[in-house]
Amino acid sequence: MAFASRLASKSKQLCSSQVILQRQHAISVRFFANEAAPQALKGDEMLKNIFLDVKKKFETALGVLRKEKITIAPEDPAAVSQYANVMKTVREKADLFSESQRIAYTIETRTAGIPDARTYLLTLKEIRERGLIDEHGAEAMMMDALEKVEKEIKKPLMRNDKKGMALLTAEFDKINKKLGIRKEDLPKYEEQLELKIAKAQLEELKKDALEAMETQKKREEFKDEEMVEVKSLDVRNFL
């Protein structure tokens with residue numbers, strides 16, 4: 001069927017994009033590591049190793065998707081939860097980052113070497129704007145807290161200023177308390193983020209499947225056939 005290749009393509013994209021991203025992160029981690037650098041590889045050998053690593057992770061991811069049932073029903077919380085669990089299994093078996101891990105790594109690498117608190121917070125804002133929503137206005141509160149601390153110490157706050165950073169941390173603790181954010185609830189927030197991502201990915205899969213079926217229905221030999229419900233499709237048949 002016409003939609004089969006598009007559906008399979010979308011499923012592969014969801015995995016391969018994470019595989020490639022993880023590989024890029026692995027290279028960067030070695031770069032920043034304190035251990036002795038490994039022996040330099042020739043260009044062709046390095047590319048070969050990268051290709052084999054990506055291929056292995058990709059095949060591992062597809063192996064999971066061929067076994068696990070995915071229901072393309074973003075409107076069904078149970079289907080979203082099941083899809084999120086499948087993708088979690090993919091990440092664990094293929095050694096990929098979760099979204100929260102990817103965000104944490106991005107923050108760590110993007111902010112390394114930033115000397116002052118203001119630039120640090122502005123960089124966090126740039127990272128957040130690439131896909132996350134500040135639902136509670138926390139960024140504005142954090143900048144207000146920084147303004148308060150800098151006014152108190154009468155100079156720009158540097159990240160190596162232990163006393164000044166302690167004052168800022170205390171202000172951030174007040175913000176977290178006001179918003180009802182607790183460190184012990186972080187796993188719950190991470191799970192909620194993964195569910196949001198899972199729903200968004202299922203919505204894309206549903207959209208692509210519907211578009212593919214609509215395109216096929218326009219063909220003469222299929223014009224009298226009724227379109228099946230997307231949620232009845234078994235993705236495993238198209239991988």
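Nothing here was measured: the structure is a model prediction, and the numbers come from that model.
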- In Å and rounded to the nearest 0.5 Å, what is the OH to OG1 distance from Y120 to T111? 4.5 Å

- Can you list every pair that meets side-chain hydrogen bond (donor to acceptor under 3.5 Å, both in side chains) and has a residue in residues 142-154, with sequence neighbours left out? R118-E147, R118-E150, K148-E171

- Note on the structure: Separation between CG (D53) and NZ (K55), nearest 0.5 Å, reads 11.5 Å

- Main-chain N/O of A94 paired with K57 side-chain donor or acceptor, under 3.5 Å: yes

- Message: Using 0.5 Å steps for rounding, measure from the CE atom of M142 to the CG atom of D134.
- Response: 9.0 Å

- Query: Apart from F51 itself, what residues make up its hydrophobic cluster when side-chain heavy atoms of I, L, V, M, F, W and Y under 4.5 Å apart count as a link, directly or indirectly?
  - Reply: L52

- Item | All side chain to side chain donor-acceptor pair (under 3.5 Å) counterparts of D76, not counting sequence neighbours | none

- Item | Under 3.5 Å donor-acceptor, T109 side chain and T106 backbone | yes

- Closest non-hydrogen atom pair between V80 and L202, with its separation: CA-CD1, 3.9 Å

- Residues forming a side chain to side chain donor-acceptor pair (under 3.5 Å) with K196, sequence neighbours excluded: E135

- Query: Taking only residues two or more places apart in sequence or in another chain, which ones pass side-chain contact (heavy atoms from CB on, under 4.5 Å) with E92?
  - Reply: K88

- Message: Does this structure show an ion pair linking E126 with R110, if we count only N-O contacts that are shorter than 4.0 Å?
- Response: yes

- Taking only residues at least two apart or on different chains, which pairs with a member in residues 185-194 satisfy side-chain hydrogen bond (donor to acceptor under 3.5 Å, both in side chains)? R182-D185

- Query: Between E75 and K206, is there a side-chain N and carboxylate O pair less than 4.0 Å apart?
  - Reply: yes

